[in-house]
Amino acid sequence: MDIAELFDSARTFSAYEDRPVPEKVLRKLYSHLKWGPTSANSCPARFVFVTSKAAKARLLPCVNVGNVDKVRAAPVTAIVAGDGRFYEEMPKLFPSRDFFTIFAGRVAVIDDLLSRNVPLQGAYMIIVARALGLGCGPMSGFDAAKLDSEFFPDGRWRANFICTLGYGNLESLSPRNPRLDFEEACRIV
Ligand SMILES: Cc1cc2nc3c(=O)[nH]c(=O)nc-3n(C[C@H](O)[C@H](O)[C@H](O)COP(=O)(O)O)c2cc1C
């Protein structure tokens, strides 16, 4: 895939072909996205791939009304979550420095890192998924407190956004909205 296929012509999908995404594709997705950069190599995002009927039945009541049909019809919905105790992995992820002590018990510092890095890792997931031929439908339209209590009752992981994944149905797409021009969105200083 070239850059135009990954970005310029890639679309957000709300409908998918009626075929599953094999587990090996989800494993391949993670095997690439994990290499995207994060603060101090903290890798704080966690990914729950909702594929089974039973798990989908637990997810649907947590999703806003306008997103219910999209999630119901999608072969996979990824919950992109942040691990509030990501620093417990720091001895493995950054062994040359004591990042555990820097983060442990410091809620504001932990939340700052999560707020910056979990959506970044979610974005890496979208780009890798597209490169693997999958369509993506990121969504913030869900009840985060409800979802967290359903899927993460111990409070350690917290959802940042959810994202449907599947083989996109091109016929479902409506005309695309524009983007801002360079002059509107960028400055070179
Ligand atoms: C963080 C995020 C949250 C979104 N939330 C929703 C949502 O709750 N429901 C929905 O239908 N689309 C949602 N979208 C999809 C956007 O509306 C869509 O990506 C945007 O309009 C661009 O569409 P395009 O990629 O087809 O050009 C969300 C996208 C992102 C990145």
Side-chain angles (χ1 to χ4, degrees), residues 1-18 21 26 29-30 32-34 36-39 43-51 55-84 111-152 157-186:
M1 269 204 172
D2 65 18
I3 197 164
E5 287 175 288
L6 283 176
F7 283 93
D8 308 22
S9 59
R11 295 294 309 276
T12 297
F13 282 95
S14 297
Y16 298 93
E17 293 174 11
D18 185 18
V21 178
L26 298 177
L29 173 63
Y30 181 73
H32 294 291
L33 81 86
K34 71 181 182 183
T38 54
S39 303
C43 305
R46 305 292 180 258
F47 301 86
V48 177
F49 297 107
V50 175
T51 62
K56 198 182 279 191
R58 292 165 56 210
L59 178 59
L60 284 171
C62 309
V63 169
N64 288 7
V65 175
N67 289 330
V68 167
D69 288 344
K70 300 171 190 177
V71 170
R72 185 184 286 120
V76 181
T77 301
I79 302 170
V80 180
D83 183 351
D111 286 350
D112 181 65
L113 184 140
L114 292 175
S115 71
R116 191 163 300 113
N117 289 277
V118 176
L120 266 179
Q121 288 190 275
Y124 304 148
M125 181 191 76
I126 290 172
I127 304 311
V128 175
R130 286 176 170 178
L132 293 175
L134 294 170
C136 304
M139 294 178 192
S140 48
F142 66 98
D143 182 334
K146 197 168 180 176
L147 188 153
D148 286 346
S149 75
E150 179 62 37
F151 284 86
F152 314 124
W157 295 9
R158 279 171 288 163
N160 186 287
F161 72 98
I162 61 175
C163 185
T164 57
L165 299 167
Y167 298 97
N169 178 352
L170 289 167
E171 287 169 18
S172 70
L173 296 172
S174 40
R176 197 175 208 192
N177 287 322
R179 302 298 200 254
L180 298 176
D181 294 331
F182 185 93
E183 286 69 24
E184 297 171 297
C186 309

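From a predicted model like this one, the values you see are computed outputs, not experimental measurements. In each ligand, atom 1 is the first atom listed, and ligand 1 is the first ligand listed.
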Colleague: Give a yes or no on whether the backbone of F152 and the side-chain of R158 come within a donor-acceptor separation of less than 3.5 Å.
Modeller: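 Looks like no, no N/O pair under 3.5 Å.
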
Colleague: Just distances here: any N/O of K70 and N/O of ligand 1 closer than 3.5 Å?
Modeller: yes

Colleague: Does R130 reach the main-chain N or O of L6 with its side chain, forming a donor-acceptor pair under 3.5 Å?
Modeller: yes

Colleague: Assign the ring pair F49 / F47 to parallel, tilted or perpendicular, where the plane angle (0 to 90°) is split at 30° and 60°.
Modeller: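 Parallel, since the angle between the ring planes stays under 30°.
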
Colleague: Can you confirm whether some protein heavy atom lies under 4.0 Å from atom 4 (C) of ligand 1, or whether none does?
Modeller: yes

Colleague: Could you list which atoms of ligand 1 come closer than 4.0 Å to a heavy atom of R11?
Modeller: 24 (P), 25 (O), 26 (O), 27 (O)

Colleague: Is it the case that atom CD in E171 sees more than 12 heavy atoms from other parts of the structure closer than 6.0 Å?
Modeller: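 Open.
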
Colleague: Counting each atom of ligand 1 from 1 as listed, which ones have a heavy atom of R179 under 4.0 Å away?
Modeller: 22 (C), 24 (P), 25 (O), 27 (O)

Colleague: Considering only heavy atoms, which of G137, P138, S9 lies nearest to atom 31 (C) of ligand 1?
Modeller: P138

Colleague: Distance to 0.1 Å, residue and atom name: give those for the protein heavy atom nearest to atom 27 (O) of ligand 1.
Modeller: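 For this ligand atom, the closest protein heavy atom is R176 NE, 2.7 Å.
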
Colleague: Can you check whether A4's main-chain N or O pairs, donor with acceptor, with S9's side chain at less than 3.5 Å?
Modeller: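 Side chain of S9 to backbone of A4, a donor-acceptor pair under 3.5 Å: yes, one is there.
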
Colleague: Just going by heavy-atom distances, which of T12, V71, I126 is nearest to atom 25 (O) of ligand 1?
Modeller: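 Among T12, V71, I126, the closest heavy atom to atom 25 (O) of ligand 1 comes from T12.
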
Colleague: Numbering the atoms of ligand 1 from 1, which are under 4.0 Å from a heavy atom of G141?
Modeller: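 It comes down to these atoms of ligand 1: 8 (O).
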
Colleague: Any chance you could lay out the side-chain hydrogen bond (donor to acceptor under 3.5 Å, both in side chains) test for N117 and T38, step after step, and finish with the verdict?
Modeller: CA-CA 6 Å; N117 289 277; T38 54; 4.8 Å; no

Colleague: Would atom 1 (C) of ligand 1 count as contacted, meaning some protein heavy atom under 4.0 Å?
Modeller: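 Neighbour list for atom 1 (C) of ligand 1 is empty of protein heavy atoms (cut-off 4.0 Å).
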
Colleague: Taking R72's backbone N and O only, do any of them form a donor-acceptor pair with K56's side chain (distance below 3.5 Å, no angle check)?
Modeller: yes

Colleague: May I ask whether atom 17 (O) of ligand 1 is less than 4.0 Å from at least one protein heavy atom?
Modeller: no

Colleague: Considering the options I126, I127, L120, which one meets the side-chain contact (heavy atoms from CB on, under 4.5 Å) requirement together with Y124?
Modeller: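 So, applying the side-chain contact (heavy atoms from CB on, under 4.5 Å) to Y124 and each of I126, I127, L120, only L120 qualifies.
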
Colleague: Taking N or O atoms only and a 3.5 Å limit, does A10 qualify as a polar contact for ligand 1?
Modeller: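 Between A10 and ligand 1 (N or O atoms, distance only) the closest approach is not under 3.5 Å.
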
Colleague: Between N177, N67, V80, which one has a non-hydrogen atom sitting closest to atom 10 (C) of ligand 1?
Modeller: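 Nearest option to atom 10 (C) of ligand 1, by heavy atoms: N67.
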
Colleague: So, E5 side chain and D2 main chain: donor-acceptor pair closer than 3.5 Å or not?
Modeller: yes

Colleague: Under 4.0 Å from atom 23 (O) of ligand 1, do we find at least one protein heavy atom?
Modeller: yes

